[in-house]
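The first residue in the sequence is number 1, and the count goes up from there.
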Amino acid sequence: MNFSLYIFGNPSGYNQYPSDANSLLFQGFLQKQQSDSQLTIYRSGQLVYYVHTRKLSSDKPDYYLGICLIFNGIYCSDVKQLFNLFDKIYSDIALNGILLQINKSGKISFAIDKLSSRLPEMERIKLFINNNLEEKFSKIFNSLNSSFKVSNSSKSLTLNDQPLDILEAIREYDCVYISNNEQFSSGLNRIHKMLFELYAENQDIIKRYQKLYGEKKQYKFVIILCITLIGCILGLLLFSKNIQAKDGAIQSLNSEIYKKDQEISNMQSEISELNITQANMIIQVNTFSENKKSNDSIIDAIVYKINYLKSLDSLTNIEDSISFKPFIDTSYQKLQFIISNIENISPKKYKIIFSQSYCYENCEGEYNLTKCFFYSGEVVNVYIQQDGYGLTSQGYVKLTELERY
């Protein structure tokens with residue numbers, strides 16, 4: 001249903017939404033206000049104004065709220081139902097608490113200074129009115145007809161008058177004032193009743209909230225306790241896993257230590273064997289040195305005798321030379337033997353031709369591999385050669401891995 005909505009009042013002086021020239025018309029209606037609740041029906045051509053004004057306080061005669069609905073070409077045939085519609089609109093505005101507010105004592109006052117500051121609320125009120133008109137009040141509106149007269153006079157009635165008298169006055173006069181003190185009182189009583197019910201419901205909600213809040217605190221304590229218990233269990237599980245991991249690491253370390261001990265023991269045995277081999281080689285070298293000194297003395301004596309023989313130039317010395325021959329023969333044989341031994345014992349230099357040549361130890365004719373080795377190109381002294389091996393200061397090396405240096 002098409003209509004125009006105006007809301008006006010005096011929160012801090014006269015105020016109207018929307019603001020236009022109708023403000024003079026509305027204020028003129030207010031000057032003829034005869035009751036706390038009044039409906040003014042004004043006809044201007046095809047436009048019909050339904051202006052409902054309500055005082056907000058008995059202490060302030062000019063403190064009021066006005067609602068105007070303007071229809072084009074239609075009118076309301078049941079004024080009592082129209083009063084009910086305005087009363088419903090007023091209650092909705094008061095209870096919504098945006099334009100009007102209700103204090104604890106039940107008194108109603110404006111919640112704003114300017115109506116235009118609450119445009120969303122204006123749109124909501126218009127939608128609220130439209131829904132009610134279409135659902136419950138559409139049947140009481142009819143089209144204007146020729147029975148409506150044009151007049152510049154007005155008439156005052158009350159809602160207690162007969163409906164036919166009220167309808168006849170609307171047809172006869174351009175402006176009709178209808179007072180309704182009883183409806184005003186019943187509207188306030190209904191608001192107070194609704195407030196009382198809302199207050200009782202609010203108290204019940206507060207009690208239930210306090211009860212739920214107490215239970216919530218208990219639940220919260222239980223939840224915290226459960227979370228703490230779960231945390232402790234998780235901590236124990238993690239601690240147990242950590243201990244198991246530590247035990248595994250300790251066992252692994254013990255196994256590693258045992259292996260290292262075995263390796264150390266084996267190395268100590270090898271060191272002992274190497275010490276024995278080294279001692280034997282030192283004895284051999286010392287023996288060789290002593291033999292060399294003795295052999296050097298023999299060689300010097302032989303050389304001396306040979307030189308002496310060469311110096312003989314007379315026949316008288318021939319006998320001496322003949323008598324000295326056995327000594328020379330014997331010394332020569334010894335010399336040959338010594339030279340042979342010296343050639344076998346005195347060291348000879350060799351160069352390693354493999355990338356690595358490992359050393360061996362001789363154990364009763366069996367050559368066992370050791371951890372010692374020489375690098376390629378390294379020069380070594382070979383003291384004895386036997387069984388395809390050459391004796392060095394570190395042990396026996398295969399002759400196939402050596403080259404004479």
Side-chain angles (χ1 to χ4, degrees), residues 5 7 11-12 17 56-57 65 84-85 87-136 186-265:
L5 171 66
I7 297 178
S12 56
Y17 179 82
L56 300 180
S57 174
L65 176 70
N84 290 334
L85 173 60
D87 188 65
K88 189 174 183 180
I89 297 169
Y90 175 78
S91 299
D92 177 76
I93 294 174
L95 293 175
N96 200 43
I98 296 178
L99 298 183
L100 300 178
Q101 60 186 2
I102 304 174
N103 57 25
K104 294 182 179 179
S105 61
K107 292 184 178 182
I108 301 174
S109 61
F110 279 100
I112 56 173
D113 293 331
K114 290 185 178 182
L115 297 171
S116 60
S117 64
R118 296 291 186 270
L119 297 182
E121 175 66 4
M122 298 299 179
E123 295 298 325
R124 189 196 67 81
I125 295 171
K126 186 173 183 179
L127 181 62
F128 176 80
I129 296 172
N130 185 69
N131 292 336
N132 279 274
L133 286 174
E134 292 182 351
E135 292 177 4
K136 300 180 180 179
S186 64
L188 287 177
N189 289 335
R190 186 169 73 252
I191 292 175
H192 290 165
K193 182 180 179 181
M194 292 176 66
L195 286 174
F196 178 78
E197 291 175 353
L198 289 173
Y199 178 78
E201 184 179 356
N202 184 58
Q203 291 297 111
D204 182 61
I205 291 174
I206 291 174
K207 290 181 180 179
R208 285 188 293 170
Y209 172 77
Q210 291 176 346
K211 181 179 178 181
L212 290 174
Y213 183 73
E215 293 177 354
K216 180 182 177 182
K217 291 178 68 176
Q218 293 180 355
Y219 292 151
K220 185 177 181 180
F221 176 76
V222 172
I223 291 172
I224 292 174
L225 185 62
C226 292
I227 292 174
T228 303
L229 181 60
I230 292 172
C232 292
I233 293 173
L234 292 176
L236 289 175
L237 291 175
L238 292 175
F239 182 70
S240 176
K241 289 183 178 179
N242 192 20
I243 290 177
Q244 292 177 359
K246 296 295 184 183
D247 288 340
I250 290 172
Q251 292 177 0
S252 177
L253 289 174
N254 288 334
S255 177
E256 190 69 21
I257 290 171
Y258 176 77
K259 292 180 180 178
K260 295 298 181 182
D261 289 339
Q262 293 293 326
E263 292 179 1
I264 292 171
S265 177

> Excluding sequence neighbours, so at least two apart, what forms ring-ring contact (aromatic ring centres under 6.0 Å, His included) with Tyr17?
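Tyr17 satisfies ring-ring contact (aromatic ring centres under 6.0 Å, His included) with no residue once adjacent residues are dropped.
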> List the residues meeting side-chain hydrogen bond (donor to acceptor under 3.5 Å, both in side chains) with Gln262, not counting sequence neighbours, and say none if there are none.
Tyr258
> Mind checking whether Leu56 and Leu100 have side chains closer than 4.5 Å, heavy atoms only?
yes
> Compare every heavy atom of Leu5 with every heavy atom of Met122, then report the nearest pair and how far apart it is.
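Looking at all heavy atoms of both residues, the shortest contact is O-CD2, 4.2 Å.
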> Let me see the working for Ile112 and Ile98 under side chain to side chain contact (heavy atoms under 4.5 Å, CB included), right down to the final yes or no.
CA-CA 8 Å; Ile112 56 173; Ile98 296 178; 5.6 Å; no
> With distance as the sole test, does Ser117 use its side chain to make a donor-acceptor pair with the main-chain N or O of Lys114 at under 3.5 Å?
yes
> Looking only at heavy atoms, what is the nearest atom pair of Gln101 and Phe110, with distance?
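For Gln101 versus Phe110, the nearest heavy atoms are NE2-O, 3.6 Å.
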> Out of Ile93, Asp87, Asp92, which residue meets the side chain to side chain contact (heavy atoms under 4.5 Å, CB included) rule with Ile89?
Ile93
> Sequence neighbours excluded and cut-off under 3.5 Å, please list the side-chain donor-acceptor pairs for residues 250-257, or say none.
| residue | atom | partner | partner atom | Å |
| --- | --- | --- | --- | --- |
| Asn254 | ND2 | Ile250 | O | 3.3 |

> Is there a side-chain contact between Arg124 and Asn96 in this structure, where contact means two heavy atoms from C-beta onward sitting under 4.5 Å apart?
yes
> Side chains of Leu99 and Ile125, heavy atoms from C-beta outward: is any pair under 4.5 Å?
yes
> So which atom in Asp113 and which in Ser12 form the shortest heavy-atom distance, rounded to 0.1 Å?
O-OG, 3.5 Å
